[in-house]
Amino acid sequence: MLTTPAELALLDSIQKKVLWLAAYMVHHANQGRPNPDGTKVGGHQASSASVVTLMTALYFKALMPGDLVAVKAHASPAFYAIEYLRGRLTVDQLKSLRSFGGLQAYPSRRKNPGVVDLSTGSMGLGAVTATFGALAARYVADHGGARRPERFIAMVGDAELDEGNVWESLGEEAVALLRDLLWIVDVNRQSLDRIAPDSRRGQLKAWFSAAGWRVIELRWGSKLRAQFERPGGERLRARLEAMANAEYHALLRRPAGAVRTALVKSADGETDRVLDGLLAGIPDATLREVIADVGGHDLRAILEVFDEALRGRHQPCVILADTIKGWGLPFAGDPMNHGALLSAPQLEELGKALGVAPGEEWAGFPPGSAEATLIARSARPAARAAPVESMPEIPLELGESYPSPSSTQEAFGRVLGRLARLPIGERIVTVSADVAVTTHLAAWINRKGIYFPHAKRDHFEGVPQAVQWKESPEGQHIELGIAEQNLFLALGALGQSRQLSGVTLFPIGTLYDPFITRGLDALYHALYAGAKFIVVATPSGVSLSPEGGAHQSVITPGIGVGLPGITYFDPAFAREVEWILMDGLRALGRRDEGESLYLRLSTKPIDQSLAPPPTPEHRAEVLKGGYRLVDARRDPGWDPEDNAVHIFAGGVMVHEAVEASRALRASGVLANVFVVTSPDRLYRGLRRPRPYLESLVTAEEEGIPVVSVLDGHSHTLSFIGSALGVPQIPLGVDLFGQSGSRADLYRHYGIDAKGIIDAVRTLLARGPGVG
Ligand SMILES: Cc1ncc(C[n+]2csc(CCOP(=O)(O)OP(=O)(O)O)c2C)c(N)n1
Ligand SMILES: [Mg+2]
């Protein structure tokens, strides 16, 4: 990548424009447009300035067609300025920064899909999504798709690397083989409040290397390096490199006249004569500039390392580029500059220094100018038109037979085993964080094999094994280490394969339900980014009785209802699992309109003979969120105003609900039992003019009180009574779990048949209208 001095001068002119536009955009959002409620708007002028040089070099010189970039979240203004100069955003869009429907505070693929390749925002997650994006692209290519995108480039703040999930991802063996992956770390040695620990530089280098990455350091710029070459220059290098990060920042903030003394005088007042001599010929103002000459603001040096990263690619590469947070702005290097905003006079001053004429604040480069020509020559992003692909048929149901009793978890294993034999099975990729076998993926794995970018020898070949662990590029199961954030970020990347690589994959991730919370931020991020996937969480609840509180999930139903972009189901019977999974796959196939699916399953054996006959009507009810299982309306003595009650049972509590209804009937109380397959669907339906929940009960049943029960927190189904306008007692598990037999625990938490009966009696004793 030859770069002439003339081209460097143009890039410099462009970076000044990017710096200006980024700062001005934030200024406009805060002070330029009406702000009726006076809420702080904010923006990140310092974080943007920090990567202006790196991004200018990347976007206007180094980027290749087919590259995909995850931009450092807090550099979105700089990114938008670049996209504006590339003609992909308008002035009005720049003016819409952080406004309703406008450009988002952090790059969001969901909200601004025209320009954003990958969503970032929550520290560490964007870069790791890009990393698993590279793995997903490799997977697609290994399964007959085209190799797209060609390179994944993630720009990361140095403090983002404090997030443990970053290192979880680097620990994955397959990641070390992703030669098309480049991270550019913006080492400004600052985070939000603090200056980075001094140990971090060495650690980063060592940790990336240990994970099998190629590490390229870009610490100093050419001006400083020229000083290092002079006689005695090593002294200056040693002084600067041994310096604490805080001391360096303090140096940057000193008045020009005070830098020399601070450099050459030791803490005990001794002057370093050699260093003093070396610096003697450099005037004060220049000296301050030279000291601030870090590599991440040296265009030529940056282009050299970008070039180096491209050559001889055998492994992922990271560039650790030193920068200055707030570069070129009055608060450059100020430890408190993260949220700092330029005042109007400071902005005016900046405009003058950068050659922005008054009235020309939003101007790009005039057509025909040398800068415009260079910009027009820079790589266009890969085409984003939705690919035309043939979609295998996804049947409504499989007609699988299930033994009785059967757990929903066993049913899942059977359904996947069956799917492995259908054409749609070719597109399914399963992922698990070290629990594939215990979440019933064995049959699937035996048929489909484990995915790894290159074939591995199977040392157990010929040895009879319940699960054959054959690793090859043809495999369709990805087994990760125990890292639930990795699981969700991998699902997030695989679940965006249509947008990124042009091939729709159907990713199904499995984990134990209690560990949803371990990866929750990553799950949220993946959904917000627009990924489509299926999460099968099993086992769940206190039904996993002997396992105790550490493994029993209590709050996940609330998460299932609360999470946007994903539909939560908690089925009771085996066939429901099949119907829901097939419906979930069809939703993924519907692309933009379909939602992800969260299927919460259980190890509890359920008597399948309790299930209604499998008719299309019944299937439709299951998918709508629930159905009536026990109908008490025709029982002798039925009186909706006196002795009647509704029991709404979530998923696997169906047996207890039916038992309670039988016992109640013997004592003259008639109980309908409804199975709730999806609290989420029922709840979301309440905003409809005629909610599905209401259609489950008839007009004559209007005043009947409700007892709800589920193996999870009671509040999940507590909306039913108020939605129907009747009193309700919500039963569930509202405390930590513990070990015991299932009967012990159901009794303890009051969700067994007796608990349900007691709740019914309490309700009926209150009398009508006493809620
Ligand atoms: C998960 C998460 N925790 C905390 C924050 C709040 N936060 C915003 S920026 C920031 C520091 C970022 O530092 P760095 O990544 O080095 O970026 P810089 O601004 O220095 O370029 C923090 C802690 C966040 N955005 N996400
Ligand atoms: Mg930083």
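Order of appearance sets the numbers: ligands from 1, and atoms from 1 within every ligand. In this text, all values refer to a predicted model and were calculated from it rather than measured experimentally. In what follows, residues are counted from 1 in the order of the sequence shown.
Among the backbone and side-chain atoms of N188, an N/O/S atom is found under 2.8 Å from the Mg ion (ligand 2). For S47, every N, O or S atom stays at 2.8 Å or more from the Mg ion (ligand 2).
Between F79 and Y59, the ring-plane angle classifies as tilted under the 30° and 60° cut-offs.
For ligand 1, the polar-atom distance check finds no N/O of S191 at less than 3.5 Å from any of the ligand's N/O atoms. For ligand 1, the polar-atom distance check finds an N/O of A159 within less than 3.5 Å of one of the ligand's N/O atoms. Among the atoms of D521, none of the N or O lies under 3.5 angstrom from an N or O of ligand 1. Considering backbone and side-chain atoms together, H74 places no N or O closer than 3.5 Å to any N or O of ligand 1.
Looking from atom 10 (C) of ligand 1 to the surrounding protein, the closest heavy atom is L192 CB, 3.8 Å.
With 3.5 Å as the limit, one finds a donor-acceptor pair spanning the side chains of Y598 and D513.
A ring-centre distance under 6.0 Å is not found for H525 and F488.
Residue S122 approaches ligand 1 through these ligand atoms, each under 4.0 Å from one of its heavy atoms: 1 (C).
Looking only at its N/O/S atoms, D158 has OD1 as the one nearest to the Mg ion (ligand 2).
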